[in-house]
2 protein chains.
Amino acid sequence: MQKPENHTQEACNASVQAVRDALYVLSGKWKLPLIISLTEGPLRFNQIQRSLEDITPKILSKELRELELNEFVTRKVYPTVPVTVTYELTPYSQSLNKVLEELRNWGLAHREKIKSSRHQNAKTEQPAEA
Amino acid sequence: MQKPENHTQEACNASVQAVRDALYVLSGKWKLPLIISLTEGPLRFNQIQRSLEDITPKILSKELRELELNEFVTRKVYPTVPVTVTYELTPYSQSLNKVLEELRNWGLAHREKIKSSRHQNAKTEQPAEA
DNA sequence: CATACTACTATCCTAAAGGATACCACTACC
DNA sequence: GGTAGTGGTATCCTTTAGGATAGTAGTATG
């Protein structure tokens, strides 16, 4: 076969690894909804839970901890009467903007494609025998 | 703060859904490695399996089927002596290029950040009491 | 006739993600 | 003293992703 000079096994592996790294920190059912729900400003634990409706405190707590570890959110504790804790996006979380935008654009386009190809199929599909 | 007029609950949800759609088709341990390994040209089933080393035929088969469903690869069967089947990327798979590039760039940058912040910590960390 | 090659499929199993439910410590209010 | 609100934990369970291992059908070659 050929010797792919600009497409070595190592270069591929590095790309794969980088993309996997990126997907890893965005993985899970709630990281993105969480980040997006915090784009409007800091929220308290229970506020987030109410805005996301279906998330349980255990999961929310875990996801917030992971987002904090990756420095996407900061946790701030205020010594108010019942203690209040807010979570807010860091400046670093802005670095995800382009990634998220591309993902969003692609997702929208893909959904459109799926829809239209389904219509296509509906027209050309053979009815199944009974 | 500002009144985020363009940031309604519904707009957020649409974004979240689009990004989730995108992540969904890229999810899993092998889709990306698979796509990248096919960028050099069509490969047969066993060739892919050998190039990826750790993937089992069951998983490979499943992932290829999903990539085919999403129209990232085409499966071609040749009636050769023992039948050969090749998998190759579709033109549509090119639509992922920008997404993959952004993910790759972000992944690389993030990895660098993690590394340097670990060094930072190593320098500023207090030694634990014995 | 046995082995090897093609491209897979079938069955079983493990580990991780996610979730339901209950509970904790603290205080304020009635 | 009971209830409600703060921000969570603890325990158990289900679902899913992924993998190990073996086997399949067909042909060709030794």
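In what follows, chains carry the letters A, B, and so on, assigned in the order in which the sequence lines appear, proteins first and then strands, with residues in each chain numbered from 1.
Panel note: side chain Arg75(A), backbone Arg65(A); no donor-acceptor pair is recorded below 3.5 Å. One N or O on the side chain of Lys31(A) and one on the backbone of Ser27(A) form a donor-acceptor pair closer than 3.5 Å.
Summarising the geometry, the separation between NZ on Lys76(B) and P on dC8(C) is reported as 15 Å, rounded to the nearest angstrom. We find that CZ of Arg20(B) is positioned 10 Å from P of dG18(C), with the value rounded to whole Å. Rounded to an integer number of Å, the gap from Lys29(A) NZ to dA17(D) P is 12 Å.
A donor atom on one side chain and an acceptor atom on the other are not found under 3.5 Å apart for Glu101(B) and Asn97(B). Using a 3.5 Å distance cut-off with no hydrogens or angles, the side chains of Glu66(A) and Asn70(A) do not pair a donor with an acceptor. With hydrogens and angles left out, the side-chain atoms of Thr84(B) and Arg44(B) include no donor and acceptor closer than 3.5 Å.
Ring geometry for His110(B) versus Tyr92(A): interplanar angle under 30°, hence parallel rather than tilted (30 to 60°).
The shortest distance between side-chain heavy atoms of Ile35(B) and Val73(B) does not fall below 4.5 Å.
Using a 4.0 Å cut-off on heavy atoms, the residues of residues 52-65 of chain A that approach DNA chain D are Pro57(A), Lys58(A), Ser61(A), Arg65(A), listed by number.
Applying the 6.0 Å contact sphere to NZ of Lys76(A) captures no more than 12 heavy atoms from other residues, nucleotides or ligands.
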Shorter than 3.5 Å, N or O on both sides, protein versus nucleotides 3-7 of chain D: list them out with atom names.
residue, atom, partner, partner atom, Å
dT6(D), OP2, Asn46(A), ND2, 3.0
dG7(D), OP1, Arg44(A), NH1, 3.3
dG7(D), OP2, Arg44(A), NH1, 3.4
dG7(D), OP2, Asn46(A), N, 3.4
dG7(D), OP2, Asn46(A), ND2, 2.9

